[in-house]
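Let me begin by presenting the structure, written as structure tokens, before commenting on it.
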Amino acid sequence: MGSARRTRRQVLILAGTAGLWGGILAGCGQGGGGGGAGGGRQGRSGREGETLFIAGFQWGPPRHFNPLGQSTAWPCNQNAMQLVYETLLRFNLLDGSLQPGLGKELQTPDENTFVIPLQDGTAWQDGEPLTAHDVVFTFELAKRHTELSYASFWDYVEKVEATDDRTVTVTLGREPYNPALVKNSLATTFILPRHIWEPREAEGKPMGEHENLDPVGSGPYQVESYNQQQISLKRFDDYWGQQVMGGLPKPTYIVHPIFKGNQDGDLRFERGGVDVMQQFTPQIWKMWEDKKLPVSTWYKEPPYHVPGGMPMLVINTLRKGLDNPLVRRALAFSINYADIADKAMSRYSEPANSSLILPVGAEEKYFNKENVEANGWRYDPDEAVRILEEEVGATKESDGVYVLPDGTRLGPYTAQTPTGWTDWQAALRIVAANAKAVGFDIRTEFPQAPNVTSSVQAGDFDLACWSVAATSAATPWQRFRDVLDHRGVAEPGKPAFWNYGRFEDPNVAALLDKAAGADESELPALYTELDTIFMKNAPMIPLMYRPLEFFEFHESNWTNFPSDDNPYAPPMFQGAGVTWLYQIRRISESD
């Protein structure tokens with residue numbers, strides 16, 4: 001999944017882990033207040049004053065720091081904040097650009113070749129130079145070890161070469177040809193030191209099983225200590241990127257307290273013991289409007305966050321009744337999207353459109369409002385009834401549920417999402433109530449997350465609230481693939497990793513392949529065609545918009561976080577978001 005929720009949900013499986021690190025030193029405290037509620041704003045003193053407290057990524061005891069493994073501790077899990085390990089390029093949520101990382105730029109001498117010259121002076125934290133050979137080794141690891149998370153890179157790449165010590169050349173494959181997905185891999189794959197990982201590979205055990213307890217990366221921080229309560233990083237003052245970034249990041253230390261749930265984190269954040277975090281906090285605006293705390297998000301007004309994800313009502317298109325696209329469209333017209341945005345998403349979302357393209361940010365240039373108005377849906381229960389009665393020929397029984405002409409009753413259907421995912425649970429309850437008012441029989445169910453994952457992937461469900469691709473260098477193409485493409489999707493009973501509802505349309509594959517290799521001038525028309533297929537068939541229904549990552553900050557110790565009024569960096573922790581670490585300032589230095 002590529003949504004903002006991914007970080008927490010991936011690590012939920014850490015729950016119950018033995019206290020492996022119990023007793024190991026705790027480098028910092030848990031973060032005191034930053035001068036008191038109401039904005040005393042004197043800043044913390046001593047070591048805590050030099051520390052940035054961050055939360056919302058680690059939800060269980062850290063077990064290992066292997067970026068090739070499963071359940072890797074923050075910040076060493078792939079596509080996490082680039083503090084220890086770094087990527088060649090960095091994705092910017094706001095404009096869709098790929099900004100420099102270890103690489104200076106992405107050169108495209110022809111349509112089949114990417115050339116990435118490395119920044120001057122790149123080096124590992126143990127003093128060894130970071131060269132193009134490290135980059136080649138990192139990507140070729142996934143060719144030899146296909147269980148690694150970025151192994152699909154090789155579906156679209158013919159070869160990766162070190163043209164010289166400082167230059168990487170990537171030759172794309174022609175079948176399938178998909179430069180956007182390759183760019184996404186270049187912006188999300190952590191580069192590893194060959195001199196450390198090559199001997200480990202020679203040991204012969206799976207690459208994900210090395211604990212890597214003393215990680216050596218190329219980034220501006222090193223893991224200093226960890227235990228069951230927190231992970232502490234210390235700034236690496238010999239960081240190679242000082243000239244490129246204009247200096248070192250401002251916090252000497254970064255500490256991630258590990259909370260049991262959102263409520264604990266919210267309370268610590270409100271008290272100024274967490275400076276910046278990524279977690280769902282209901283009605284956060286009350287912290288500054290009612291409590292007058294120095295708290296903010298990207299926007300001061302709804303939706304408060306920049307949209308980056310689109311949770312879906314996934315429909316099993318093989319279920320009787322739900323296999324009819326008109327029935328699915330009637331269901332889409334029955335849902336009150338404004339109510340979901342207001343009540344389930346705590347006003348952090350605009351009411352969702354029927355398009356698979358986000359109407360803001362990097363994808364906005366592809367959003368076709370006229371097509372949505374002509375072929376999409378909106379909350380209109382009367383139109384839902386009209387479709388069912390006039391276009392489908394359904395009749396309503398005495399219990400208020402429609403029955404199709406072939407005798408198929410529109411329910412009971414079960415709508416599920418994991419227990420504890422409170423915003424998604426609330427959204428499904430609204431869906432069920434709205435649909436019942438029209439004439440569907442939908443009941444909600446909230447099993448444990450692993451059970452929902454298994455049933456959704458296997459196609460063993462009626463309806464589910466679930467994720468598809470979030471904003472990246474490969475969207476909206478990847479989101480269209482996730483929703484519409486039947487190629488590579490396992491038969492029901494076996495796990496699928498996209499198109500969970502097993503939708504099929506004969507025109508999708510050719511359009512997706514053409515879009516994958518199209519130039520910018522061709523893409524709006526191609527995405528409009530794909531969006532039209534989506535809206536006429538409604539195999540999934542967008543329920544809300546979510547941020548790529550929640551970005552909430554408390555300026556009682558640190559200030560000058562980026563915002564819509566001060567947009568010097570995107571509101572991200574991954575990708576290009578690392579740049580704000582170099583621009584924040586201590587309160588004591590600002591006043």
Side-chain angles (χ1 to χ4, degrees), residues 79 82 85-123 129-144 150-192 194 218 240-241 243-245 362-363 365-366 471-478 481 511-527 575-576 579:
N79 205 24
Q82 301 194 31
Y85 294 102
E86 298 176 289
T87 59
L88 287 174
L89 304 166
R90 293 169 177 160
F91 176 71
N92 184 325
L93 164 71
L94 295 178
D95 60 12
S97 64
L98 291 176
Q99 298 183 356
L102 289 168
K104 288 181 181 177
E105 60 183 343
L106 179 69
Q107 301 172 355
T108 54
D110 59 62
E111 65 178 15
N112 214 43
T113 307
F114 291 158
V115 176
I116 307 107
L118 296 182
Q119 302 273 12
D120 298 335
T122 52
L130 188 161
T131 72
H133 302 286
D134 293 296
V135 177
V136 173
F137 171 78
T138 298
F139 283 105
E140 289 196 336
L141 261 182
K143 180 189 272 186
R144 297 189 292 272
Y150 58 98
S152 61
F153 172 80
W154 290 102
D155 292 341
Y156 311 102
V157 167
E158 183 178 309
K159 58 184 176 181
V160 180
E161 301 171 285
T163 315
D164 56 47
D165 282 351
R166 311 298 305 162
T167 308
V168 179
T169 300
V170 179
T171 302
L172 278 63
R174 301 301 302 179
E175 291 289 341
Y177 178 68
N178 199 324
L181 281 182
V182 176
K183 290 177 183 176
N184 194 43
S185 292
L186 298 176
T188 56
T189 303
F190 283 149
I191 304 304
L192 302 175
R194 176 181 175 179
S218 58
W240 68 267
Q243 187 168 2
V244 172
M245 302 300 290
E363 298 179 30
K365 58 188 173 185
Y366 304 121
T471 296
S472 74
T475 53
W477 187 94
Q478 191 174 1
R481 190 283 305 269
L511 285 168
L512 277 173
D513 289 348
K514 190 172 182 180
D519 62 38
E520 192 61 37
S521 65
E522 299 172 294
L523 284 176
L526 290 167
Y527 287 147
T579 53

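No experiment lies behind these values; they were computed from the predicted model shown.
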CG (L192) and CG (L141) are apart, to the nearest 0.5 Å, by 7.0 Å
Practice task
Kindly indicate whether the side chain of R174, heavy atoms from C-beta on, has any atom under 4.5 Å from the side chain of E111.
Solution key: yes
Between the OG1 atom in T471 and the CD atom in E363, the distance rounded to the nearest 0.5 Å is 4.0 Å
- Message: Does this structure show an ion pair linking D120 with K104, if we count only N-O contacts that are shorter than 4.0 Å?
- Response: yes
Does a donor on one side chain sit under 3.5 Å from an acceptor on the other, for S218 and E86? yes
Flag the pair P117 / E105 as yes when at least one side-chain heavy-atom distance between them is below 4.5 Å, and no otherwise.
yes
- prompt: Can you check whether M245 reaches T579 side chain to side chain, under 4.5 Å on heavy atoms?
  reply: yes
Looking only at heavy atoms, the pair that brings A187 and L98 closest together is CB-CD2, 3.7 Å
query: Does a side-chain heavy-atom distance below 4.5 Å link T87 with T189?
result: no
Rounding to 0.5 Å, atoms CG (L526) and CG (D513) come to a distance of 11.0 Å
Those residues at least two apart in sequence (or on a different chain) that pass salt bridge (Lys or Arg N to Asp or Glu O under 4.0 Å) with K514 are none
To the nearest 0.5 Å, atom OG1 of T475 lies from atom OH of Y527 at 8.0 Å
**Asked** Quick one: do the D155 and S152 side chains pair a donor with an acceptor below 3.5 Å?
**Response** no
Nearest heavy-atom approach of A576 to Q99 is CB-OE1, 3.5 Å
Discussion item. Quick one, V135 and L88 - any side-chain contact, counting heavy atoms below 4.5 Å?
Written reply: yes
Next on the checklist: For a 4.5 angstrom cut-off between non-hydrogen side-chain atoms, does T188 reach F91?
Outcome noted: no
Closest heavy-atom pair, Q119 versus P100, reported as atoms and distance to 0.1 Å, is NE2-CB, 3.5 Å
Would you check if L89 and K183 make a side-chain contact, meaning some heavy-atom pair closer than 4.5 Å? no
Looking only at heavy atoms, the pair that brings F139 and Y150 closest together is CA-CE1, 4.0 Å
dist Q82:CD -> R90:CZ (nearest 0.5 Å) comes out at 4.5 Å
Between the CG atom in L523 and the NZ atom in K365, the distance rounded to the nearest 0.5 Å is 8.5 Å
Is there a side chain to side chain contact (heavy atoms under 4.5 Å, CB included) between V115 and T163 once you walk through the steps? CA-CA 9 Å; V115 176; T163 315; 5.8 Å; no
Taking every heavy atom of D165 against every heavy atom of L118, the minimum-distance pair comes out as O-CD1, 4.2 Å
In terms of heavy-atom contacts, L130 and R166 come closest through O-NH1, 3.0 Å
* To do: Check the pair W477, L512 against side chain to side chain contact (heavy atoms under 4.5 Å, CB included), reporting the backbone distance first and the verdict last.
  => CA-CA 7 Å; W477 187 94; L512 277 173; 3.8 Å; yes
Are more than 12 heavy atoms, taken from residues, nucleotides or ligands other than E520, located less than 6.0 Å from that residue's CD atom? yes
**Message:** In the structure I gave you, are the side-chain heavy atoms of W154 and V160 within less than 4.5 Å of one another anywhere?
**Reply:** yes
